Amino acid sequence: MSWKWVLGIWTCIGIAWWVVAFVLVMSVRTRRHGPGKADPRRITVFKPLPRSLGEEEFARFDKPIESFIADLDGNCELLIGCHRPDQARLEDYVRRMHERHPDADVRLVVHENPNRYPHPKVSWMRVLAPHATGELWLWSDSDMHAPPGTIRSMRVDYERTKARCLTSPYVVRQTGTSAEMLDTLYVNLEFYPGVILLSGQNMIQFGLGSGMLFEAEDFKRRVDWDFLGGCLAEDFHLGGLLKPTQVGSMCLSTVPAARGWTEALLHYLRWQKNVRWCRPLPYAAQLIIIPLLGWLAWLLTHPQEPLAWIGLLTVLTADFIAALSICRAVGCSIAWRKLHTIPLWSLLRGLCWFACWFPWPIVWRGQKWWSPHQDVKPQAEALETQREPGLE
């Protein structure tokens, strides 16, 4: 069989995947879930803020956190973890939340320096855990937006599935700058359809940081804080430790926040490398749906070959149509002035897949990660005890 036939079949497989992905997204969008029995236990929602934030940075978390506060029922509480320099601003924020949502149980937990582990989010979760009164814990990244009815939906799903861990899918529905389109396209086209596919095959063995609901006592029995604190993808590993894990029916959303092309590219690379480390075989299998690499290789070796250019343009066109269709299906509209980012993403998707097989580190929050897990060397025990009581 000639290379032309191989590339042709490869291209057909890539296009077929986009058709499948679109059908999967549409099937979830049109699915209707009736009422069901809900787990009645108390839920504690964990919302740690990652670091001391400026006004502009905090604005990114303001509305997403409020979306969870507005959704709290009478048997829920929400804990916000904040660094000492942010205390005055967060106290004012909590007061405003109590005024807008008087029935919501929202508390602030202040800490001077929670960075016990390489992973700052896990460090914060350990600080918040002693303040939690719920039998169920809901860990959720602070930039996630919860549609109305999320907590009720998670209660029903948790009771229905009998899973040890219920995790929430998410999409991007609001596009920001052109640079932030990398995150938008990754989440909506690469991440979300894959999660739906694995969920339908009962092959979810990991968690998603958007939302993870589980029993507090089960966590205490089965999870070692020191191990989790050394994991770069703590949500992935937590879902594995608490399995069986199921995907919830409510889809959350987030908004990208890259401050330029360099930050956006590094974030995209970090996402790809993380998946490569955590799921090497499925990541390798993605090659079958990235025919662009084959056409690029032929084009570089035979730049004068018209068919190589036609094949490359065919793949880019298929990616372009898929991006518009799937983003529209999840409720994300791409402005005309940002359409040029789609071919750029197509090229980066293939090149990043190739690059992620080489040994280079992920740089995140000032730390270099050469593997998905670091040996944890906790700071002095006194650091852990320097936590402040929750502030009402």
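The model shown is predicted, which means the values in this text are computed figures rather than measured ones.
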Student: In plain terms, say whether E66 and R96 are close enough for a salt bridge, that is, a side-chain N and a carboxylate O under 4.0 Å apart.
Tutor: no
Student: Measure the spacing between CD1 of I326 and CE of M26 and express it to the nearest 0.5 Å.
Tutor: 11.0 Å
Student: Indicate yes or no: does D73 engage R152 in a salt bridge with an N to O separation below 4.0 Å.
Tutor: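 Looking at D73 and R152, the cut-off is not met.
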Student: I need the minimum non-hydrogen distance between W277 and P372, along with the two atoms involved.
Tutor: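 Closest approach of W277 to P372, heavy atoms only: CE3-N, 3.7 Å.
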Student: Other residues, nucleotides and ligands only: do more than 12 of their heavy atoms fall within 6.0 Å of CH2 on W309?
Tutor: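 It does not: W309 CH2 has 12 such atoms or fewer within range.
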Student: Between D143, T177, T184, V187, which is the residue that forms a side chain to side chain contact (heavy atoms under 4.5 Å, CB included) with P256?
Tutor: T184
Student: Shared ILVMFWY cluster between V28 and L197, side chains joined below 4.5 angstrom?
Tutor: yes
Student: Quick check on the 6.0 Å ring-centre criterion: do F214 and Y158 meet it?
Tutor: no
Student: Does E263, at its CD atom, have more than 12 non-hydrogen atoms belonging to other residues, nucleotides or ligands within less than 6.0 Å?
Tutor: yes
Student: Assess whether a salt bridge exists between K220 and E217, defined as any Lys/Arg side-chain N lying under 4.0 Å from an Asp/Glu carboxylate O.
Tutor: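 Salt bridge: yes.
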Student: Is atom CZ of R328 surrounded by more than 12 heavy atoms (other residues, nucleotides or ligands) closer than 6.0 Å?
Tutor: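 12 or below, so no.
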Student: From the options F219, W124, W137, F68, select the one residue that forms a ring-ring contact (aromatic ring centres under 6.0 Å, His included) with F46.
Tutor: W137
Student: Under 4.0 Å between a side-chain nitrogen and a carboxylate oxygen: does that hold for D235 and K121?
Tutor: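 Answer for the salt bridge query: no.
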Student: Parallel, tilted or perpendicular: which one describes the rings of W369 and H119, with boundaries at 30° and 60°?
Tutor: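 Rings of W369 and H119: perpendicular, as their planes differ by over 60°.
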Student: Is it the case that one hydrophobic cluster holds both V23 and I289, taking links as side-chain heavy atoms less than 4.5 Å apart, direct or via other members?
Tutor: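 Different hydrophobic clusters.
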Student: Specify whether H302 and W298 have parallel, tilted or perpendicular ring planes, treating 30° as the upper limit for parallel and 60° as the lower limit for perpendicular.
Tutor: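 Judged by the thresholds at 30° and 60°, the geometry between H302 and W298 is perpendicular.
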Student: The test is salt bridge (charged side-chain N to carboxylate O under 4.0 Å, His left out); show your working for R89 and D86 and say whether it passes.
Tutor: CA-CA 6 Å; R89 181 195 307 139; D86 295 325; 3.3 Å; yes
Student: How long is the span from the CG atom in L108 to the CG atom in D92, to the nearest 0.5 Å?
Tutor: 11.0 Å
Student: Consider only side-chain N and O atoms of E190 and Y268, and report whether a donor and an acceptor are under 3.5 Å apart.
Tutor: yes
Student: Kindly state whether the ring of H145 and the ring of Y170 have centres lying under 6.0 angstrom apart.
Tutor: no
Student: How about S249 and S153: does a side-chain donor come under 3.5 Å of a side-chain acceptor?
Tutor: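 The answer is yes; a qualifying pair exists.
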Student: Answer whether the closest heavy-atom distance between the side chains of K162 and Q246 falls below 4.5 Å.
Tutor: no
Student: Could you tell me if R126 and Y117 have a donor-acceptor pair between their side chains, going purely by distance under 3.5 Å?
Tutor: yes
Student: Between atom CG of L287 and atom CH2 of W357, what is the distance when rounded to the nearest 0.5 Å?
Tutor: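 L287 atom CG to W357 atom CH2 measures 9.5 Å (nearest 0.5 Å).
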Student: Salt bridge check: are R221 and D218 linked by an N-O gap of less than 4.0 Å?
Tutor: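 Yes, charged N to carboxylate O under 4.0 Å.
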Student: When you group the ILVMFWY residues by side-chain heavy-atom contacts below 4.5 Å and let the links chain together, are F354 and L182 in the same group?
Tutor: yes
Student: Verify the cluster assignment for V275 and I362: are they in a single hydrophobic cluster under the rule of side-chain heavy atoms below 4.5 Å apart?
Tutor: no
Student: Consider only side-chain N and O atoms of W295 and T314, and report whether a donor and an acceptor are under 3.5 Å apart.
Tutor: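 Result is no, nothing qualifies.
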Student: Taking 4.0 angstrom as the limit, do R42 and E135 come out as a salt bridge?
Tutor: no
Student: Using a strict threshold of under 4.0 Å (side-chain N to carboxylate O), is an ion pair present between R164 and E215?
Tutor: no
Student: Is there a side-chain contact between I69 and V45 (heavy atoms, below 4.5 Å)?
Tutor: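 The answer is no, as the side chains (C-beta and beyond) never meet within the 4.5 Å cut-off.
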Student: Spell out, as yes or no, whether a donor-acceptor pair under 3.5 Å connects the side chain of K368 to the backbone of V363.
Tutor: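 Absent.
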Student: Please determine, by modelled atom types, if Q272 and Y283 share a side-chain donor-acceptor pair under 3.5 angstrom.
Tutor: yes
Student: Going hydrophobic residue to hydrophobic residue with side-chain gaps under 4.5 angstrom, can you get from M212 over to F227?
Tutor: yes
Student: Between L128 and K47, which heavy-atom pair has the shortest distance, and what is it?
Tutor: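 Scanning both residues completely, I find the closest heavy atoms to be CD1-N, 4.3 Å.
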Student: Minimum heavy-atom separation for V156 and G36, please, with both atom names.
Tutor: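 The answer is CG2-O, 3.7 Å.
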Student: Taking only residues two or more places apart in sequence or in another chain, which ones pass side-chain hydrogen bond (donor to acceptor under 3.5 Å, both in side chains) with S67?
Tutor: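 Not a single residue meets the side-chain hydrogen bond (donor to acceptor under 3.5 Å, both in side chains) criterion with S67.
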Student: State, to 0.1 Å, how close L252 and M144 come at their nearest heavy-atom pair, and which atoms those are.
Tutor: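 Taking every non-hydrogen atom into account, CD1-CB, 4.4 Å.
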Student: Using every non-hydrogen atom in the two residues, find where P118 and G229 come nearest and quote the distance to one decimal.
Tutor: CD-O, 3.3 Å
Student: If we count only N and O atoms by modelled type, under 3.5 Å, do the side chains of E77 and T133 hold a donor and an acceptor together?
Tutor: yes
Student: Could you tell me which non-hydrogen atom of S123 sits nearest to which non-hydrogen atom of P114, and how far apart they are?
Tutor: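 In terms of heavy atoms, the two residues are closest at CB-O, 2.8 Å.
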Student: Would you say I288 has more than 12 foreign heavy atoms packed within less than 6.0 Å of its CD1?
Tutor: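 No.
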Student: If only atom types and distance count, is the side chain of Q374 paired as donor or acceptor with the main-chain N or O of C231 below 3.5 Å?
Tutor: no
Student: Going by heavy atoms in the side chains, are L292 and S346 under 4.5 Å from each other?
Tutor: yes
